[in-house]
4 protein chains.
Amino acid sequence: MSSRLDPPTDRREQILRAAMICFARRGFHQASMHDISAEAGISVGLIYRYFENKDAVISAIADQHKQRVQELLERARQAPTLLEALEVLFTEHCCDNTPQVISAFVVDLFAEAGRNPRVADLVRDVTTTAMKGVTELIAKSPEALAGMQNMSPRELAELIFALNDGMLMRDVLAMHRPPEQIRERQLKVARNLWRLLFSHSSEGAIA
Amino acid sequence: MSSRLDPPTDRREQILRAAMICFARRGFHQASMHDISAEAGISVGLIYRYFENKDAVISAIADQHKQRVQELLERARQAPTLLEALEVLFTEHCCDNTPQVISAFVVDLFAEAGRNPRVADLVRDVTTTAMKGVTELIAKSPEALAGMQNMSPRELAELIFALNDGMLMRDVLAMHRPPEQIRERQLKVARNLWRLLFSHSSEGAIA
Amino acid sequence: MSSRLDPPTDRREQILRAAMICFARRGFHQASMHDISAEAGISVGLIYRYFENKDAVISAIADQHKQRVQELLERARQAPTLLEALEVLFTEHCCDNTPQVISAFVVDLFAEAGRNPRVADLVRDVTTTAMKGVTELIAKSPEALAGMQNMSPRELAELIFALNDGMLMRDVLAMHRPPEQIRERQLKVARNLWRLLFSHSSEGAIA
Amino acid sequence: MSSRLDPPTDRREQILRAAMICFARRGFHQASMHDISAEAGISVGLIYRYFENKDAVISAIADQHKQRVQELLERARQAPTLLEALEVLFTEHCCDNTPQVISAFVVDLFAEAGRNPRVADLVRDVTTTAMKGVTELIAKSPEALAGMQNMSPRELAELIFALNDGMLMRDVLAMHRPPEQIRERQLKVARNLWRLLFSHSSEGAIA
DNA sequence: AATGAATGAGGCTTCATTCAT
DNA sequence: CATGAATGAAGCCTCATTCAT
């Protein structure tokens, strides 16, 4: 490899960051290579020194997304309780970019997956890994085992991810509203589900 | 003239059907007007006799989607029980087109909403209407009132829709698998949620 | 031929009148066949029953122009004095259409003559005929013979026509101003030239 | 790289020269961007690096025309006598291009001015400036003051310009004839007018 | 390593023309 | 006679990609 900050890696990062912004703003195919180069403050030709073509940029961004999700999963795994792990996972969409940037990007990523098999494989890989991770998390969790509700850990994980993705999908309709407000509202609903799934009936209404 | 439908309406439908297929296959912007005309078996120019431009075709498709959802909501409203209404809603994605066509299209529609304000308004309109309809359905339903789980009808509706959308988003990753199989698996998980939300604990396991 | 008002002739007239308006408004090539049909209140296809194609319409309009000029020349010839004849000629641009319509059309006609040889022939024919007519008019006129200014009748005619055309060319820059005002101003200048050319110095100031 | 001019300016010039030729040959709207690129020996896309769109090319050409006229006016102003100044102005149409190219272009420019307000403004600007310049020239000229013929300097200028434009308009009908021959004939007529306007009768025949 | 001029295929759209009704 | 739906070539413009500097 190379040390942490040598030019090649830096350049790649710089380009990918710019690409991410452009893709979120205009979509994979509406964003032009020129848009990306302008956003990155470099020339168009330079992009081609680090990426074979536009598709390679898209793939690289998708890869980056995959890694982000894996890191997230790792952090979730280290949370003391299942509910805390879920909160970590749910807050995924907040890095250096605003949540809507991530949301717009992810929705476009799924849309692209519907056409581009390479992207589809990659997204499937991400979701499968995440799903497996959360399924394990649930299987190992005492709260889950107790509440279980007649559902398998796998089914519980599916419910949870569907909720996550469904909320993310709605984000793009509220591009103008303050991110925190959106997230808070969504978190409230998500917590309702988690409580429902993972609280023992013996505890009665938990509030 | 013609028997059932006047030609203009027929043509519009024919074009929209072709556009739907192309949009699902390649996305709004990757699908060319030529693709659509070829799929419809007509010439490119003819499309412009029925639609001002490509954007108008996209808008018309989005409108069609809106109406489909509204009809669906109407049918759901007439179901005898809440759970049956939810089943109706969940089965949305099956008309003349295969479910994946609808899914791919809807995901792209949301992606587009993230950029095109006109599309965003339309999609927001659809989701708002649907949400309101289901919220009312829940508010009027005895099962819901009983189980309620400390959630407002509105929150319950949000949960349900998030699940719906989340599942739909995943559809695009399974473009190759038989639709029924996908739907069945998803339905199972969805029923789990509905049971959880709307069954009195006194009744025990319902399914 | 046919009687004065049989449909074919009427239709042709109707189409040509509409074409004239469209050509003046948008130019020969910017005006579409659809524009013309709409202006005439008929269908596009019908135009093709009366004209082989768009070029034929342009040619027919040019022909019409030629006839209009010839009639004008005829009227000018019957004027009692040369100066009156010139006034008739100069007022050419006023039929059922506003003068600017004619001006815009004529300028476009000359522009088209620069490319389309058939139109060039036709326009040349018009100008040649008109020139010959006016040259004769001058040659026969006592005023002219007296003043003559060392110019041949032919040269005098050239001067007069250049003035006419030059003024007409400027009309298109004043599309918004009241036609009478423009014409009056131009007429004043034209009269100055005519007086200069055709008044004996012995007569002193004539105007 | 280049010796005298930086490449961007060269390219713009190259494109404008090619556009001028194409516009004169086929008219503004009949000349395609492909025609221009072929004439310039470059690709279509390259034109768009130097001009926003086709209209911008037309505007640039019109601007160029404006500057050419202004330079001409400057040269005319420096002529020792009024008659010599007029000769300079009249010979306008001869630069690097053949006179007919200029004539065809100017006639088309006026035709376009009849429809496109932006072009109309520009052409009006040119004619107004030129007219003002010549009016001043006349007002300051002793020959004019003497002969005057009861006309104001402004009216005299109008006469002169109408003659110029009228002759230019006729140029397009003689696209095939040798330019010098045309010019000579026209010059002879023009001189007749000038002599008439600006020669004291006491001097008798001047030419 | 970096630039950005240059290419040309391909997309959207218009429009003259035809033809079934 | 009249309509207007239908065709498809052609025009304007964009953009991924290459390459000389």
Side-chain angles (χ1 to χ4, degrees), chain A residues 6-8 10-11 29-38 40-58, chain B residues 1-2 6-8 10-11 15 26 29-38 40-57, chain C residues 6-8 10-11 29-38 40-58, chain D residues 1 6-8 10-11 26 29-38 40-57:
Chain A
D6 57 339
D10 276 357
R11 277 285 188 229
H29 297 287
Q30 274 50 54
S32 70
M33 292 303 265
H34 176 75
D35 288 342
I36 298 174
S37 77
I42 60 174
S43 70
V44 210
L46 194 51
I47 299 179
Y48 285 86
R49 183 166 287 277
Y50 295 94
F51 298 92
E52 195 184 341
N53 53 28
K54 195 180 176 183
D55 264 13
V57 179
I58 296 178
Chain B
M1 280 263 174
S2 66
D6 52 335
D10 275 355
R11 273 283 187 237
I15 292 168
R26 323 238 281 110
H29 298 288
Q30 275 48 56
S32 72
M33 292 303 268
H34 175 76
D35 289 340
I36 298 174
S37 76
I42 60 175
S43 70
V44 205
L46 191 53
I47 299 179
Y48 288 85
R49 179 166 286 277
Y50 297 93
F51 297 93
E52 196 182 340
N53 54 28
K54 195 180 175 182
D55 262 15
V57 178
Chain C
D6 56 339
D10 276 356
R11 277 282 189 235
H29 297 286
Q30 275 51 55
S32 71
M33 293 302 266
H34 176 76
D35 287 343
I36 298 173
S37 76
I42 60 175
S43 69
V44 208
L46 193 51
I47 298 178
Y48 285 87
R49 184 167 286 276
Y50 295 94
F51 298 93
E52 194 183 340
N53 53 28
K54 195 178 174 182
D55 265 13
V57 178
I58 295 178
Chain D
M1 247 287 155
D6 53 334
D10 276 354
R11 275 282 188 237
R26 324 238 281 109
H29 297 288
Q30 274 49 56
S32 72
M33 291 305 267
H34 175 78
D35 289 341
I36 298 173
S37 76
I42 60 174
S43 70
V44 203
L46 192 53
I47 298 179
Y48 289 86
R49 179 167 287 277
Y50 297 93
F51 298 92
E52 195 183 339
N53 52 30
K54 195 179 174 182
D55 263 15
V57 178

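In what follows, chains carry the letters A, B, and so on, assigned in the order in which the sequence lines appear, proteins first and then strands, with residues in each chain numbered from 1. Keep in mind that this is a model prediction, so the values were computed, not measured.
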Nucleotide F/dC12, atom P - distance to CZ of D/Phe51 in whole Å:
15 Å
Those residues at least two apart in sequence (or on a different chain) that pass side chain to side chain contact (heavy atoms under 4.5 Å, CB included) with C/Ala56 are C/Phe51, C/Glu52, C/Asn53
Footprint string (nucleotides 6-11 of chain F, 5' to 3'): B base within contact, S backbone only, - free, heavy atoms under 4.0 Å
BBB--S
Residues which pass side chain to side chain contact (heavy atoms under 4.5 Å, CB included) with D/Ser32, listed by chain and number, not counting sequence neighbours
D/His34, D/Asp35
Rounding to 0.5 Å, atoms OG (C/Ser37) and OH (C/Tyr48) come to a distance of 10.0 Å
Looking at every non-hydrogen atom in both residues, tell me the closest pair between C/Lys54 and C/His29 and how far apart they are.
NZ-O, 3.6 Å
Measuring from C/Arg11:CZ to C/Leu46:CG, what's the distance to the nearest 0.5 Å?
5.0 Å
Length of the line joining A/Tyr48:OH and E/dA5:C1', which is rounded to integer Å
15 Å
For D/Ile47 versus D/Ile36, what's the shortest heavy-atom pair and its separation?
CD1-CG2, 3.9 Å
Taking atom C1' of E/dC15 as reference, at what distance in whole Å does atom CG of C/Asn53 sit?
14 Å
Could you summarise the pairing of DNA chain E as dot-bracket text, marking Watson-Crick and G-U pairs under 3.5 Å with ( ) or [ ] inside the strand and | across strands?
.||||||||||||||||||||
